[in-house]
Amino acid sequence: HVQLQASGGGFVQTGGSLRLSCAASGGTFSDYDMGWFRQTPGSERDFVAAISRSGGNSYYSHPVKGRFTISRDNAKNTVSLIMNNLDPTDTAVYYCAARGPPTSGSYQHLGFGLKNEYGYWGQGTLVTVSS
C-alpha cells in the first residue's frame, strides 16, 4: 500500500543530464522492486529501468542502457533515475512504480519490465529534451 511521489522533471538541452526522484511512503519500501516507466501522448507506457528490493540488480531498456542509472536508498525510501546524454526521444512523462509480491493468481513475477506487474504508480514528472 505504498504511495509514490515523483519529482525532478524539467527542460534540458540535448546531451544534458537530469535526476528524477521518487519518494515512497506507506508499506515497507524494501519489500518492493522499483521501476521507472515513461509515456508520450498516444503511446504506451514503456519500461525504462528497474531495481530489485535490495538494490543488488538493475535492469534497463535498450534505448536507455548505458545512459541512465537507477538507484535506491532504502533508508530514505527513495528511488532515483540519473539520466545522462539526454536525447529528444527521451521526452516523456516519467512514472515511478512499485512492484510488490505476485498477485494471488500468480506464483512468480515474469519480468521487471512488465508494467502490469507493478501495482503502485506515482503521478509522473515531465521531462522535455529540446531539439
Basic-acidic side-chain contact under 4.0 Å: R53, D33 | yes
So, D87 and R67, do they make that salt bridge, N to O below 4.0 Å?
-> no
Determine, using the 4.5 Å side-chain heavy-atom cutoff (strictly less than), whether [X] and [Y] are members of one ILVMFWY cluster.
| X | Y | value |
| --- | --- | --- |
| F68 | V93 | no |
| W121 | I70 | no |
| F29 | Y95 | no |
| V64 | F47 | no |
| F112 | L4 | no |

Reported [atom1]-to-[atom2] distance for the pair [X] and [Y], which is rounded to 0.5 angstrom:
| X | Y | atom1 | atom2 | value |
| --- | --- | --- | --- | --- |
| Y60 | L81 | OH | CG | 7.5 Å |
| Y94 | L20 | OH | CG | 7.5 Å |
| Q123 | S7 | CD | OG | 8.0 Å |
| R38 | D46 | CZ | CG | 7.0 Å |
| S25 | Q5 | OG | CD | 7.0 Å |
| R45 | N116 | CZ | CG | 12.5 Å |

Assess whether side-chain contact (heavy atoms from CB on, under 4.5 Å) is satisfied between S80 and R72, documenting all intermediate values.
-> CA-CA 6 Å; S80 298; R72 67 189 297 161; over 6 Å; no
Hey, is the main chain of [Y] close enough, under 3.5 Å, to the side chain of [X] for a donor-acceptor pair?
| X | Y | result |
| --- | --- | --- |
| T69 | I82 | no |
| H109 | L114 | no |
| T91 | T128 | no |

List the atom of [X], the atom of [Y], and the distance in Å for their closest heavy-atom pair.
| X | Y | answer |
| --- | --- | --- |
| N84 | S17 | OD1-OG, 2.9 Å |
| P88 | S131 | CG-C, 3.1 Å |
| L126 | A92 | CD1-O, 3.6 Å |
| V2 | A24 | CG2-CB, 3.6 Å |

ring-ring contact (aromatic ring centres under 6.0 Å, His included) between Y118 and F37, worked out = CA-CA 10 Å; Y118 291 78; F37 294 76; 5.1 Å; yes
Heavy atoms from other residues, nucleotides or ligands near CD of Q3 exceed 12 (cutoff 6.0 Å) = no
Is the Lys NZ or Arg CZ of R99 less than 6.0 Å from the centre of Y32's six-membered ring, within 45° of the axis?
-> no
In the structure I gave you, are the side-chain heavy atoms of [X] and [Y] within less than 4.5 Å of one another anywhere?
| X | Y | value |
| --- | --- | --- |
| V127 | M83 | yes |
| E117 | L110 | yes |
| S130 | F11 | yes |

Take N74 and S30 through the side chain to side chain donor-acceptor pair (under 3.5 Å) test and state the conclusion after the steps.
-> CA-CA 6 Å; N74 285 352; S30 59; 5.1 Å; no
